[in-house]
Amino acid sequence: MLATGAGLAAAELVVGLVQGSSSPVVPVGQVFIDRVPRSLKNWAVETFGTNDKAVLVFGALIVVFGVGIAVGVLAMRGARSTAYALTGVVGMLGAFAVLTRPEPTLDKLLPTIVGTCVSIAVLWYLAPRPASTPAPATSDGGTAVVPPIVAQPMVVPAAQPMGVDRRRFVGGAIGIGSAAVLVGGIGRMLQQRFEVSSERSSIALPPVESPVGALPADSTLPVDGLTPFVIANNDFYRIDTALVVPQVSKESWSLKIGGMVDTPMEITFDDLLARPQVERYITLSCVSNPVGGPYIGNALWQGVLLKDILDEAGVQSGATQVVSRSVDGWTAGTPTEVIMDGRDAMLAIAMNGEPLPAQHGYPVRMVVPGLYGYVSATKWLSEIELTRWEDYDAYWIPRGWSKLGPIKTMARIDTPRKRDLVGEIAVGGVAWAVHSGVSKVQVRVDSGEWVDAELGGVPSSDTWVQWVARVSPEPGKHTIEARAFDADGVPQTEEYAPVAPNGAQGYPRISVNVKPA
Ligand SMILES: Nc1nc2c(c(=O)[nH]1)N[C@H]1C(S)=C(S)[C@@H](COP(=O)(O)O)O[C@H]1N2
Ligand SMILES: [Mo]
């Protein structure tokens with residue numbers, strides 16, 4: 001465990017010294033994320049929610065330390081070459097994972113190589129080796145020979161006693177352990193140099209051409225327990241496959257636009273700031289949001305309309321799919337006609353009046369009203385390629401999700417949260433039919449008559465809406481359901497469907513127990 005810990009710590013130090021390099025733990029976890037079957041991924045998300053990544057890293061560390069223990073046992077039993085070899089194999093697996101990531105370069109391998117060497121060196125230093133001379137007695141009178149169980153050699157001939165100087169071992173262990181903690185900590189501190197937080201806070205956002213202005217006063221209804229109309233950046237759900245948040249400097253950032261276009265382009269961050277800016281409230285939803293789930297949010301996005309840029313590049317006929325790629329290789333495929341149909345599909349640089357947070361795609365991401373994130377909302381955007389549906393499948397498609405991902409019309413019940421209630425109940429929540437707009441929300445008790453809810457105000461049809469309905473069921477246990485209608489009066493689908501392959505459906509439902517007054 002010491003050898004493993006020291007190796008990981010050394011790797012962290014190198015990551016802190018060499019910009020763009022990566023600790024092997026991250027790509028190993030990333031390869032795992034990219035390869036897990038959908039059922040396991042869904043189980044992890046359902047069980048751990050957005051803590052799934054922390055759980056994965058924890059699991060990976062348990063595995064790595066488990067192997068470390070096996071290596072240690074081998075080394076203590078005298079099978080030192082096997083122990084070195086196994087460490088080397090683990091290092092090579094790490095290196096292999098690093099090389100599978102986008103843009104593999106040799107300096108990205110450096111932490112893995114250094115970490116593996118340090119691990120082997122610690123093993124070499126701490127593990128007992130064949131005692132050529134009798135081991136010296138220690139000052140407290142005990143012998144410095146390993147206890148019999150440990151001394152049973154597995155690989156070396158049994159006649160050779162293994163020597164381990166206990167004092168040297170304990171001293172070495174304490175020294176190496178403390179050095180590892182220190183080195184790992186310094187490495188982590190140095191890594192902060194590469195974070196974008198300081199350059200991000202120094203950006204002055206350019207003014208927008210026509211500000212959206214104040215929200216309608218009734219966009220927030222006076223009902224306890226409702227979700228705020230605008231979700232603050234820190235509370236906004238985060239869904240992506242990135243095990244560590246990519247730190248992409250605006251200085252090195254550029255967006256390549258190519259494929260089936262007349263004029264391939266490359267745009268810098270400053271180019272983007274110099275273009276006409278728009279700002280729009282847009283509700284973003286994840287296809288993995290279950291009925292009643294939390295993976296949806298509404299924010300004010302600022303950026304440049306994607307249509308204008310694609311018009312400049314000149315989209316060729318037949319280019320039915322816009323593939324957007326992020327710096328970490330993730331891709332989304334969006335219908336060209338949706339981006340070009342006049343809605344406010346944009347390259348966003350700001351969220352709720354601030355430059356994009358790193359977690360939400362700094363420096364530039366896509367936002368397309370009406371489509372689930374997995375087919376449109378590429379964060380840490382690096383490339384846009386015009387292509388055809390039959391020529392390319394984006395990240396989630398081979399993993400069993402639909403090529404097209406329009407957001408399904410849906411209501412969510414956010415209040416009441418308590419089960420036991422008395423008297424009249426204010427049932428409320430949010431509802432969305434993104435880009436169409438919600439025309440009506442209804443509530444019913446125990447499959448009775450549908451009752452119209454009061455709707456809050458909205459700045460556009462691209463956002464969710466708050467709603468509240470008041471019902472007074474008799475004392476006893478009841479089920480309350482809700483449903484939303486889009487602008488054409490089409491209600492959300494009643495029939496239940498799970499999130500895969502194209503988004504959950506069904507009525508949201510709560511159970512309440514009304515007590516006599
Ligand atoms: N680079 C990258 N962008 C991505 C993803 C990703 O995994 N990688 N996930 C997408 C998905 S599935 C969703 S729902 C939205 C979520 O955006 P948010 O984390 O800002 O809420 O980002 C999209 N953009
Ligand atoms: Mo998503």
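Indexing begins at 1, ligand by ligand and atom by atom, following the structure's order.
- Numbered from 1 in the order shown, with element, the atoms of ligand 1 that lie under 4.0 Å from a heavy atom of C286 read 14 (S).
- When heavy-atom distances to ligand 1 are checked against a 4.0 Å cut-off, F236 comes that close only through its side chain, counted from C-beta outward.
- Protein heavy atom closest to atom 7 (O) of ligand 1, with residue, atom name and distance, is T241 N, 2.8 Å.
- Of the protein's heavy atoms, K379 NZ, 2.5 Å lies nearest to atom 19 (O) of ligand 1.
- Between S285 and ligand 1, no pair of N/O atoms sits closer than 3.5 Å.
- Checking only distances, Y237 does come within under 3.5 Å of ligand 1, N or O to N or O.
- Nearest protein heavy-atom contact of atom 4 (C) of ligand 1 is W330 CZ3, 3.6 Å.
- Looking from atom 13 (C) of ligand 1 to the surrounding protein, the closest heavy atom is G373 CA, 3.7 Å.
- The environment of CD in E337 is sparse: at most 12 heavy-atom neighbours from other residues, nucleotides or ligands sit within 6.0 Å.
- Checked by distance only, ligand 1 and R238 stay at 3.5 Å or farther apart across all their nitrogen or oxygen atoms.
- The distance criterion of under 3.5 Å between nitrogen or oxygen atoms is met by H360 with respect to ligand 1.
- Looking at W380 next to ligand 1, no N or O pair under 3.5 Å apart turns up.
- Of the protein's heavy atoms, A377 O, 3.4 Å lies nearest to atom 23 (C) of ligand 1.
- With ring centers used as reference points, W432 lies 6.0 Å or more from Y281.
- A distance below 6.0 Å separates the ring centres of F48 and W43.
- Listed by atom number, the atoms of ligand 1 under 4.0 Å from I239 heavy atoms are 5 (C), 9 (N), 10 (C), 11 (C), 12 (S), 13 (C), 15 (C), 16 (C), 19 (O), 22 (O).
- Listed by number with element, the atoms of ligand 1 under 4.0 angstrom from any heavy atom of L284 are 17 (O).
- Contact between F236 and W301 at its shortest, heavy atoms only, is CZ-CZ2, 4.1 Å.
- An N or O contact shorter than 3.5 Å links S326 to ligand 1 by distance.
- At a 3.5 angstrom cut-off on N or O pairs, Y374 does not count as close to ligand 1.
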